[in-house]
Amino acid sequence: MTRSKSSPAASALFSSHLTAALKKGVGILRSVPPSGSALMRVLLWQRHAAKCRAARLKKGHSVPPILIFGLTSRCNYSCKGCYSSALHAQSGQPQSPACAGELSARVFSRVFSQAETIGVSLLMLAGGEPLLRPDVLELAAKRKNLLSLVFTNGSLLDDRFSGWFSRHRSVIPVLSIEDGQELTDARRGPGAYQAAFEAMNRLSLRRVPFGLSLTATSENTAAVTSDDFIREHYKLGCRLFLYVEYVPADLSDRPLALSNTDKSLLLSRAKELEEDFPALFIPFPGNEEPYGGCLAAGRGFAYIGAQGGLMPCPFAPVSDRSIADMKLLDALDSPLLKTVRGSHALLHESVGGCALSSNREWLLSQVSGNPAGGRPLEAPSGK
């Protein structure tokens with residue numbers, strides 16, 4: 001699969017949007033000097049990293065600005081519709097002997113170092129529950145040129161962890177909730193919202209800005225984009241509102257996926273809210289049209305699972321390379337990721353928030369050893 005001629009332009013556009021978001025973040029955190037200074041360092045690095053990515057792209061290597069990691073498969077919650085448990089365990093990804101369990105701290109240290117060297121700007125550290133891997137968080141904190149977002153349910157974020165985040169300002173906690181207590185507890189279990197709320201209070205007392213990861217569904221989009229909701233959590237210290245469009249784990253949950261009307265509401269409200277509040281409001285995947293289609297597989301981001309499999313994105317748990325036993329740059333050149341990148345113009349977001357999830361059968365056919373064999377994506381599906 002040849003590299004798309006639009007890739008350099010799309011990559012430059014995505015990098016410019018990331019730089020703009022970081023620059024705005026610096027302004028937002030100006031009133032919290034430790035955090036503002038940490039983000040300024042990241043912003044200065046981003047300019048260097050963007051040049052590094054562009055240079056590598058000219059040589060045929062696609063380096064994403066964002067790397068998403070599943071630090072562990074373990075979690076103290078059993079959330080309804082959890083992709084980590086519902087899909088990743090059944091992905092059938094190839095594993096080398098070195099990748100039989102969770103990646104060691106040594107491997108994470110190597111990969112974080114390589115990520116910084118090749119031009120990655122942002123690490124998203126998820127799980128499972130990433131606070132169960134404090135050893136890896138310590139390694140991320142050492143990479144002060146990179147911004148690390150830690151996606152946690154908040155139940156383990158006690159005084160010790162709030163103090164740790166206070167000392168490491170380039171690592172930002174992002175607490176996952178659905179809305180208020182009713183919806184959050186319904187999906188995550190009784191007491192889940194209260195635990196997250198208490199974590200927010202602990203961070204607030206130490207003046208540690210944090211983010212919220214909100215799974216946007218047909219049930220809660222209006223509520224989590226309301227002025228009252230934003231105002232309540234802004235007062236607690238939230239400066240990043242990340243709206244992750246819900247991707248159904250199975251057909252029974254499909255009604256929760258955003259309709260086209262819901263998506264339009266989300267995008268328009270995010271713009272309005274940024275004008276009214278000094279915070280960042282980011283829908284994910286958001287509008288991928290300006291980039292010519294799907295940003296997964298290294299065009300904008302890629303995902304590394306807890307056992308080391310490098311995958312196009314968290315909602316497409318299929319892999320043909322493991323970073324457990326090869327360099328990150330070599331893994332990013334995998335046949336699977338190259339094929340997905342080369343098909344990006346045909347991969348448009350559909351009902352369910354993820355173009356790759358809607359083309360799962362085609363994606364599986366690309367993996368070496370699949371009886372169907374690789375085949376081209378002939379037309380957008382699931383629209």
Side-chain angles (χ1 to χ4, degrees), residues 14-15 17-19 21-22 25 35 38-50 52-53 56 62-72 84 102-152 161 164-165 167-176 208-211 213 240 242 244 280 282 284-285 295-314 323-324 327-329 331-332:
F14 189 75
S15 291
H17 287 170
L18 179 57
T19 298
L22 290 171
S35 295
L39 197 58
M40 174 59 79
R41 178 169 179 164
V42 172
L43 175 61
L44 294 175
W45 170 256
Q46 161 61 15
R47 293 167 180 167
H48 167 79
C52 185
R53 293 193 298 270
R56 291 187 182 278
S62 187
V63 176
I66 300 171
L67 273 182
I68 308 171
F69 289 84
L71 302 191
T72 177
S84 181
E102 292 180 0
L103 294 177
S104 67
R106 179 181 57 81
V107 173
F108 275 111
S109 180
R110 170 174 60 79
V111 175
F112 289 167
S113 175
Q114 292 174 358
E116 185 174 5
T117 299
I118 67 176
V120 171
S121 297
L122 173 63
L123 306 178
M124 292 186 172
L125 309 178
E129 171 49 55
L131 297 192
L132 292 171
R133 290 298 307 266
D135 55 336
V136 181
L137 299 184
E138 289 284 355
L139 295 170
K142 291 180 180 179
R143 299 291 164 183
K144 298 186 184 300
N145 289 327
L146 306 183
L147 179 64
S148 296
L149 303 181
V150 180
F151 291 79
T152 172
F161 266 119
W164 187 89
F165 282 113
R167 294 190 298 274
H168 301 286
R169 297 292 177 133
S170 64
V171 185
I172 298 178
V174 181
L175 289 90
S176 300
V208 176
F210 61 88
S213 175
L240 167 65
L242 180 65
V244 182
L280 292 174
I282 302 177
F284 179 83
L295 284 167
R299 293 188 72 236
F301 57 89
Y303 173 73
I304 296 173
Q307 284 75 41
L310 178 62
M311 312 177 207
C313 85
I323 55 91
K327 292 181 179 179
L328 176 59
L329 191 61
L332 286 167

* Asked: If you look at every heavy atom in A296 and P312, which pair is closest and at what distance?
  -> CB-O, 3.4 Å
* Gap separating the CG atom of L137 from the CG atom of L131, nearest 0.5 angstrom -> 6.0 Å
* Asked: Any side-chain heavy-atom pair from P130 and V136 closer than 4.5 angstrom?
  -> no
* Quick one: does E129's side chain get under 4.5 Å of L71's, heavy atoms only? -> no
* Please report the shortest heavy-atom distance between C313 and Y303, naming the atom on each side. => C-CB, 3.6 Å
* Checking side chain to side chain contact (heavy atoms under 4.5 Å, CB included) for the pair V150/F165: CA distance, chi angles, key distance, verdict? -> CA-CA 10 Å; V150 180; F165 282 113; 4.2 Å; yes
* Structure fact -> dist S35:OG -> H168:NE2 (nearest 0.5 Å) comes out at 13.0 Å
* Answer with yes or no after comparing the ring centroid distance for F69 and F112 against a 6.0 Å cut-off, counting only values under it. => yes
* Asked: Between the side chain of T19 and the main-chain N/O of S15, is any donor-acceptor distance below 3.5 Å?
  -> yes
* Backbone N or O of S113 within a donor-acceptor pair of the T117 side chain at under 3.5 Å? -> yes
* If you round to the nearest 0.5 Å, how far is CG of L329 from CD1 of I118? -> 5.0 Å
* Measuring from S121:OG to L43:CG, what's the distance to the nearest 0.5 Å? -> 10.0 Å
* Just wondering, do L240 and L149 contact through their side chains at under 4.5 Å, heavy atoms? -> yes
* Can you measure from OG (S148) to CD1 (I172) and round to the nearest 0.5 angstrom? => 9.0 Å
* Asked: Passes side chain to side chain contact (heavy atoms under 4.5 Å, CB included), L328 versus L67? Steps please.
  -> CA-CA 11 Å; L328 176 59; L67 273 182; 3.7 Å; yes
* For A302 and L310, work out which heavy atoms get closest and say how close. => CB-CD1, 4.1 Å
* Asked: Would you say the side chain of L242 lies within less than 4.5 Å of the side chain of F151, judging by non-hydrogen atoms?
  -> yes
* Heavy atoms, side chains only, cut-off 4.5 Å: are I66 and F14 in contact? -> yes
* Asked: For R143, what residues pass the salt bridge (charged side-chain N to carboxylate O under 4.0 Å, His left out) criterion, not counting sequence neighbours?
  -> E116
* Give the C-alpha distance, both sets of side-chain angles, the deciding distance and a yes or no for side chain to side chain contact (heavy atoms under 4.5 Å, CB included) between R133 and F108. => CA-CA 11 Å; R133 290 298 307 266; F108 275 111; 4.0 Å; yes
* Structure fact -> The residue among Q46, R41, H48 that forms side chain to side chain donor-acceptor pair (under 3.5 Å) with N145 is R41
* Asked: Under 3.5 Å, side chain of S62 to main-chain N/O of G298, donor-acceptor pair present?
  -> yes
* **Side-chain touch W164/V171, heavy atoms, less than 4.5 angstrom** => yes
* **Smallest separation among heavy atoms of A49 and V120, with atom names** => CB-O, 4.3 Å
* What residues form a salt bridge (charged side-chain N to carboxylate O under 4.0 Å, His left out) with R53, not counting sequence neighbours? -> none
* Structure fact -> Between P64 and L332 the two heavy atoms that sit nearest each other are CD-CD1, 3.8 Å
* Structure fact -> Closest non-hydrogen atoms of L132 and T72, given as atom of the first, atom of the second and distance, are CB-CG2, 4.5 Å
* Quick one: NE2 on H17 to CD1 on I282, what's the gap to the nearest 0.5 Å? -> 12.0 Å
